[in-house]
Amino acid sequence: QIGEPGFSRKIVFSTNVAETSLPLPNVSVVFDCGLAKQPSFSKTLRAVKLGVKLISRAQAVQRAGRAGRTRPGKVVRLYSQKEFEETMAEGFQPEIQNSELRDFVLAVIDLGETDLRRIDLLDPPDFDAADLALEQLFAAQLVDIVRAKPTEDGRQGGGNPFVFVLTELGRLCLRFPLDPLQAKALLASKLMNVEEEMSQMVAILSLWEGGVGPEVTQKPDFVEKMREMAAKPGDLFAISELLNSHRHLFQSKTTKQISS
């Protein structure tokens, strides 16, 4: 109903999804804080972390474009012109430079290429992240090192005597639409008879964004339950316990409705 005639003034709080993916009609004023939560690969943590960063100038233009689409509008930027021109980057940073590359590297090796530096990509990845991904895949036994086959000119693998190839486990993990390490965890859980628990944890790692509203957190039952789960050996176990509690509650309510 946002933007429809007959409604009073509305204030819309939005994440950076509204820059391009959520066009709203009749927006007259946009307040741009100049910040966004964006993933970035941390070489220190050896993982992707989510942090607050300055947006680019291209993103600022996109945000300004949300106002004045169907009526006169303006943008109020909560940062200086100097910061816009001198501090903010010109354009978007490609996602391939801000992501973990295990699935990408595994797929590239499956295609027969092991040196990402020789691939002519539109946007090259962070090669430090790519090397780390290769190291992790090798440690997880998803790839192996073999002696390269001689090329037509007699050189070993184009100058490199050893190349990476997928193991059978690596080929299996490649078939999952998941991070390869999560796919391996799912396959290993079958052998340990903990498929349900591991599938819950993988789902949490894939989709969980965290956070619940105050209408939930202020309830005594919720506070007590969270206190109980705080004793678990980690966040994943605590959230898994929460999912199980919710499922049992839902099943009990369904049973009562059917019996009544």
Side-chain angles (χ1 to χ4, degrees), residues 1-104 116 119-130 132-133 177-179 203-218 235 239:
Q1 295 178 339
I2 295 175
E4 291 185 4
F7 284 82
S8 59
R9 177 177 296 182
K10 298 176 179 64
I11 299 176
V12 181
F13 291 90
S14 176
T15 63
N16 52 323
V17 70
E19 290 175 9
T20 55
S21 305
L22 191 63
L24 300 175
N26 298 332
V27 175
S28 58
V29 182
V30 168
F31 290 87
D32 178 14
C33 65
L35 301 171
K37 278 191 174 181
Q38 299 176 348
S40 60
F41 180 77
S42 171
K43 298 176 184 177
T44 304
L45 298 176
R46 299 164 68 93
V48 173
K49 64 176 183 179
L50 189 65
V52 178
K53 301 172 62 178
L54 276 177
I55 62 173
S56 65
R57 294 198 294 272
Q59 288 176 281
V61 172
Q62 285 281 3
R63 293 184 178 190
R66 299 308 94 191
R69 294 172 59 88
T70 57
R71 57 183 294 185
K74 61 182 178 180
V75 59
V76 179
R77 288 174 171 157
L78 307 181
Y79 44 89
S80 65
Q81 182 72 19
K82 182 179 180 180
E83 189 174 16
F84 175 81
E85 295 175 350
E86 299 180 6
T87 306
M88 291 182 174
E90 180 178 355
F92 298 92
Q93 186 172 15
E95 186 175 353
I96 195 173
Q97 298 176 4
N98 282 325
S99 305
E100 290 190 271
L101 300 175
R102 288 188 290 261
D103 53 347
F104 174 71
L116 293 180
I119 302 177
D120 187 17
L121 296 172
L122 185 62
D123 294 304
D126 185 323
F127 292 117
D128 289 337
L132 173 61
L178 295 168
D179 179 281
I204 292 167
L205 290 172
S206 301
L207 303 175
W208 179 260
E209 296 181 358
V212 291
E215 69 280 0
V216 176
T217 57
Q218 293 174 3
D235 290 343
I239 297 172

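Treat the numbers as computed from the prediction; the structure is a model and nothing was measured.
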Heavy-atom closest pair, residues A58 and G91: CB-CA, 4.1 Å
Separation of C33 SG from L54 CG (nearest 0.5 Å): 9.5 Å
One should read off an interatomic distance between L132 CG and E100 CD, to the nearest 0.5 angstrom, of 8.0 Å
Can you tell me if R102 uses its side chain to pair, donor with acceptor, with the backbone of A133 under 3.5 Å? no
Heavy atoms of other groups near E95 CD, more than 12 under 6.0 Å: no
As an exercise, state the distance from OG of S28 to NZ of K74, rounded to the nearest 0.5 Å. 8.5 Å
For a quick test of reading the model, state the closest non-hydrogen atom pair linking A130 to L101 and the distance between them. N-CD1, 3.7 Å
Taking only residues two or more places apart in sequence, or in another chain, which ones meet K37 in a side chain to side chain contact (heavy atoms under 4.5 Å, CB included)? L50, V52
Results of side-chain hydrogen bond (donor to acceptor under 3.5 Å, both in side chains) for T70 - residues two or more places apart only: N26
Could you pull out all residues at least two apart from D126 that satisfy salt bridge (Lys or Arg N to Asp or Glu O under 4.0 Å)? none
For Q81, what residues pass the side chain to side chain contact (heavy atoms under 4.5 Å, CB included) criterion, not counting sequence neighbours? F84, E85
S56: what forms a side-chain hydrogen bond (donor to acceptor under 3.5 Å, both in side chains) with it, not counting sequence neighbours? Q59
Within this structure, what is the NZ-CD distance for the pair K53 and Q38, rounded to the nearest 0.5 Å? 5.5 Å
Side chain to side chain contact (heavy atoms under 4.5 Å, CB included) partners for D32, two or more places apart: I55, A60, R63, V75, R77, Y79
Using side-chain contact (heavy atoms from CB on, under 4.5 Å), reason through V30 and V76 one step at a time and then give a plain yes or no. CA-CA 6 Å; V30 168; V76 179; over 6 Å; no
For F127, what residues pass the side chain to side chain contact (heavy atoms under 4.5 Å, CB included) criterion, not counting sequence neighbours? L116, R117, P124, P125
On a heavy-atom basis, which atom in I96 and which in D123 lie closest, and how many Å separate them? CG2-O, 3.6 Å
Rounded to the nearest 0.5 Å, how far apart are CZ of R57 and CD of Q62? 14.5 Å
